[in-house]
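First up is the structure itself, then whatever we jot down about it.
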Amino acid sequence: MNAEVGEESVGGPRQFATTRWGLILSAANSESGEQEARTALDELCRTYWRPIFSFVCRRGYSKEDAQDLTQDFFVKILERNWLQHADPNRGRFRSLLLKSLENFLINVAEGTHTHKRGGDVEFISWDDWMAEAPSHLSISPHALESMPPERLFDLRWAVTVVEHALQRLREECERKGRRRLFHALSSHLTAERDEVSYANLSAALGIAESAVKKQLHTMRQRYRSLLRNEVAHTVENPADVEDEIRYLCAALAAGTK
């Protein structure tokens, strides 16, 4: 992840209000747009369920129990009364989701939680997750084993943000017939200038070094734009985007050392 997200803005307040978290908050106390808000919440949950699962596991639950509890938690927050209690002052979807999860697990520990996955319908396809491609990011084993649940949650969240932005960038490149270019340059998107061997990339791609530099510069700009867009979907105020990116950069740095 890179804190330098480029000059592209997500737009003014009117455009920002149409992002997923903005839709959810705007519909929290209104009947209008409720279905659109629920769709936005569903999409955010499907994108960011991995930090939830990791948090539950770190709290000492077995993998099987953590899967069940993750499913139950999503059933709970997708109910409309959760939208009604969403607090706009908390601003960040990440923060509100973590607080809700902590409260949920307190209820589980106290025995007040009731199983709600009627018919055992899976919200998450665990088989698909287990079969997914390896991450572009390397998380240190020490971080995975030693981090407190809350910090692990933030680390997994940061990884998900980056991976989602990279996935969108890869799909764009593939649509333009540039899959080979993406695979050659994607690992250099956040590298320092002196860490990039343009000569080696030029030889590997069969194009001039000047063309490599131009392509990498363009790809970096697009990646930063997509990264910013991913973060913007999870905060209520556009002024929070930069702070959220910096926070997630710090979380990612702590977990990849």
Side-chain angles (χ1 to χ4, degrees), residues 1-6 8-11 15-16 18-24 39-55 70 74 77-78 91-98 101 123-139 144 152-176 178-179 181-183 185-190 218-236 238 240-256:
M1 186 181 286
N2 193 316
E4 298 178 2
V5 292
E8 180 172 324
S9 170
V10 293
Q15 180 180 345
F16 195 89
T18 65
T19 61
R20 296 174 200 134
W21 186 226
L23 281 172
I24 292 165
T39 299
L41 179 58
D42 179 273
E43 184 172 353
L44 281 173
C45 288
R46 289 181 185 276
T47 300
Y48 292 104
W49 67 267
R50 290 174 180 82
I52 305 293
F53 178 67
S54 297
F55 183 92
T70 300
F74 280 126
I77 66 172
L78 287 169
R92 292 166 170 80
F93 182 65
R94 172 180 55 81
S95 300
L96 184 55
L97 199 63
L98 178 57
L101 177 61
F123 178 81
I124 301 298
S125 174
W126 302 104
D127 290 340
D128 288 348
W129 176 45
M130 299 305 176
E132 71 180 2
S135 172
H136 283 77
L137 304 174
S138 176
I139 302 176
L144 290 175
L152 180 60
F153 177 92
D154 287 341
L155 172 59
R156 286 293 192 188
W157 190 281
V159 169
T160 300
V161 170
V162 170
E163 291 290 358
H164 217 241
L166 285 171
Q167 177 184 342
R168 291 177 60 189
L169 180 61
R170 185 188 70 245
E171 291 170 350
E172 288 185 1
C173 289
E174 289 177 348
R175 285 196 296 270
K176 297 176 181 178
R178 297 177 178 176
R179 175 184 296 182
L181 188 68
F182 172 83
H183 287 296
L185 302 183
S186 59
S187 61
H188 302 288
L189 292 176
T190 60
T218 300
M219 192 175 291
R220 280 175 168 172
Q221 286 188 314
R222 184 55 183 156
Y223 164 69
R224 291 167 182 169
S225 173
L226 292 169
L227 182 64
R228 181 184 175 88
N229 184 260
E230 288 298 319
V231 172
H233 279 309
T234 68
V235 297
E236 194 272 335
D240 292 333
V241 173
E242 301 297 340
D243 283 343
E244 181 73 349
I245 289 176
R246 282 190 288 269
Y247 182 86
L248 295 177
C249 283
L252 193 60
T256 55

Pair L189, L166 - check side chain to side chain contact (heavy atoms under 4.5 Å, CB included), show working.
CA-CA 10 Å; L189 292 176; L166 285 171; 3.6 Å; yes
Taking all atoms of both residues into account, what is the closest heavy-atom pair of [X] and [Y], and its distance?
X    : Y    : result
M219 : C173 : CE-SG, 4.0 Å
R92  : D243 : NH2-CB, 3.4 Å
T70  : F53  : OG1-CA, 3.6 Å
R50  : T160 : CB-OG1, 4.5 Å
L41  : I77  : CD2-O, 3.4 Å
E172 : L226 : OE2-CD2, 4.0 Å

Considering residues at least two apart in sequence or located in another chain, which fulfil the side chain to side chain donor-acceptor pair (under 3.5 Å) criterion with R168?
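If we apply the side chain to side chain donor-acceptor pair (under 3.5 Å) test to R168, skipping adjacent residues, the hits are N229, E230.
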Straight-line distance of [X] [atom1] to [Y] [atom2], nearest 0.5 Å:
X    : Y    : atom1 : atom2 : result
F93  : T47  : CZ    : OG1   : 9.0 Å
L97  : F74  : CG    : CZ    : 6.0 Å
R220 : L169 : CZ    : CG    : 12.5 Å
R46  : D42  : CZ    : CG    : 4.5 Å
I245 : L227 : CD1   : CG    : 5.5 Å
L44  : T234 : CG    : OG1   : 7.5 Å

Passes side chain to side chain contact (heavy atoms under 4.5 Å, CB included), L185 versus Y223? Steps please.
CA-CA 11 Å; L185 302 183; Y223 164 69; over 6 Å; no
For S54 and R156, test the side chains for any donor-to-acceptor distance below 3.5 angstrom and give the result as yes or no.
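A donor-acceptor contact under 3.5 Å links the two side chains.
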side-chain contact (heavy atoms from CB on, under 4.5 Å) with Y247: which residues, sequence neighbours excluded?
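With neighbours one apart ignored, the set is R94, D154.
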Got a salt bridge between R170 and E174, using NZ or NE/NH1/NH2 to carboxylate O under 4.0 Å?
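Salt bridge: yes.
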Parallel, tilted or perpendicular: which one describes the rings of Y48 and W157, with boundaries at 30° and 60°?
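Rings of Y48 and W157: parallel, as their planes differ by under 30°.
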Walk me through it: do E171 and Q167 pass the test side chain to side chain donor-acceptor pair (under 3.5 Å)?
CA-CA 6 Å; E171 291 170 350; Q167 177 184 342; 3.2 Å; yes
